Peer 1: 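Input: one structure, supplied below.
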Amino acid sequence: MHDEETQEHLDEVMFEGPETPWLLRKPVVGGVVAVFAVTVVLYFLATQFWGVSFKIDAEPFRDWVEARGALGVIVFILVMAASVLFAPIPNIPIFIAAGLAWGPVLGTAYCMAGLTLGSAAAFGIARRFGRKFLPRLIGEKAAARLDHMVDTMGGRVVFWTRIMPGVNFDWISFVAGMTSVRFRVFIFYSFLGMIPPCATTVVMGDGLNRDPRITLAMGGLWVTAILATAAYFWTRRKHWAGPVPVIAESGVNPEAELG
């Protein structure tokens with residue numbers, strides 16, 4: 001029963017919009033798979049038959065970063081946090097740079113610190129301005145569904161929207177701040193959900209320095225995750241339907257606090 005409720009709440013988030021997210025459209029997914037397959041073939045041909053090396057010497061970059069000391073780390077974390085607050089700043093190049101500069105362990109740690117700081121700031125900004133601004137951001141219908149979802153499910157919806165690729169859920173920190181979910185619940189599940197995509201991309205960056213085959217392998221994981229998300233989306237959208245729940249007042253449900 002609990003698994004059915006989890007699936008229902010995920011459906012409410014994914015299918016609220018009238019259009020399929022860009023990265024989950026069938027032509028786009030097919031293009032992603034085709035490009036990745038061609039990349040793997042070209043890499044094999046270039047390295048095995050033409051002797052081309054795609055390995056990047058990251059030592060000069062690492063020496064430059066190390067020379068900045070703690071200040072460089074602090075600036076990086078702040079830039080990572082800003083990428084959460086401001087949509088024009090892309091995350092992936094920052095993840096890859098972290099892998100090149102600090103390797104998979106420290107790179108992931110610094111990225112997670114920035115992501116967590118940015119998510120907390122976005123949540124706090126939204127909580128400060130209050131629930132009354134939520135309908136303006138996502139619409140009355142979506143606001144009612146989201147309140148219901150958070151009150152009955154807690155932080156698990158945050159976890160799944162963080163971990164699923166192919167759908168842009170950068171706004172989840174702002175939206176969660178306008179609902180009844182507790183901050184500690186939000187930040188805990190948000191942190192857990194961000195670890196896999198963050199670590200995978202940082203390892204991709206580190207692989208460019210160690211062995212580009214590692215980068216290709218991590219890219220394969222991303223493509224597989226996008227395929228899995230797209231398959232879920234296409235299958236569930238055919239069956240999804242439901243009336244908008246009537247919420248008299250958005251209160252804090254004890255179950256939400258427990259996640």
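Quantities reported herein were computed from a predicted structural model and do not represent experimental measurements.
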Peer 1: State, yes or no, whether a side-chain contact exists between Thr201 and Trp222 at a heavy-atom distance under 4.5 Å.
Peer 2: yes

Peer 1: Stepwise, does the side-chain contact (heavy atoms from CB on, under 4.5 Å) test hold for Arg210 with Thr215?
Peer 2: CA-CA 9 Å; Arg210 296 177 183 273; Thr215 302; over 6 Å; no

Peer 1: Let me confirm one number: the CG-CD distance from Asn209 to Glu59, rounded to the nearest 0.5 Å.
Peer 2: 6.5 Å

Peer 1: Can you find a heavy atom in the side chain of Phe36 that is under 4.5 Å from one in the side chain of Thr224?
Peer 2: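 Contact flag for Phe36/Thr224 side chains = no.
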
Peer 1: Give, for atom CG of Leu117 and atom CG of Leu85, the distance between the pair rounded to the nearest 0.5 Å.
Peer 2: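 If I round to the nearest 0.5 Å, the distance is 8.0 Å.
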
Peer 1: Just verifying a value: how many Å separate Phe186 CZ and Ser119 OG, rounded to the nearest 0.5 Å?
Peer 2: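 Going from the CZ atom of Phe186 to the OG atom of Ser119 covers 5.0 Å.
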
Peer 1: Should Val79 and Val73 be counted in the same cluster of Ile, Leu, Val, Met, Phe, Trp and Tyr side chains packed under 4.5 Å apart?
Peer 2: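 Yes, one cluster joins them.
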
Peer 1: Looking at side-chain heavy atoms only, is the closest gap between Val203 and Ile214 below 4.5 Å?
Peer 2: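 A side-chain contact under 4.5 Å exists here.
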
Peer 1: Verify side-chain contact (heavy atoms from CB on, under 4.5 Å) between Ile187 and Phe123, making sure each step is shown before the conclusion.
Peer 2: CA-CA 9 Å; Ile187 207 67; Phe123 183 97; over 6 Å; no

Peer 1: Could you measure the distance from the CZ atom of Arg162 to the CG atom of Leu115? Nearest 0.5 Å is fine.
Peer 2: 8.0 Å

Peer 1: Tell me, with the steps shown, if Phe49 and Phe44 meet side-chain contact (heavy atoms from CB on, under 4.5 Å).
Peer 2: CA-CA 8 Å; Phe49 295 99; Phe44 176 79; 3.8 Å; yes

Peer 1: Calculate, to the nearest 0.5 Å, the distance between atoms CD1 and CZ belonging to Ile74 and Arg68 respectively.
Peer 2: 14.5 Å

Peer 1: Does Arg62 CZ have over 12 foreign heavy atoms under 6.0 Å away?
Peer 2: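 Atom CZ in Arg62 is packed in, count exceeds 12.
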
Peer 1: Could you tell me whether the side chain of Thr200 and the main chain of Pro197 form a donor-acceptor pair under 3.5 Å?
Peer 2: no

Peer 1: Count the heavy atoms of every other residue, nucleotide or ligand shown that sit under 6.0 Å from CD1 of Ile92, and state whether that count exceeds 12.
Peer 2: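 Result for CD1/Ile92: open.
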
Peer 1: May I ask whether Ile94 and Val75 are part of the same hydrophobic cluster, defined by side-chain heavy atoms of I, L, V, M, F, W, Y residues being less than 4.5 angstrom apart, directly or through others?
Peer 2: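 Yes, because Ile94 and Val75 connect within a single hydrophobic cluster, where side-chain heavy atoms sit under 4.5 Å apart.
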
Peer 1: Any idea which heavy atoms bring Cys111 and Val202 closest together, and the distance?
Peer 2: SG-CG2, 3.9 Å

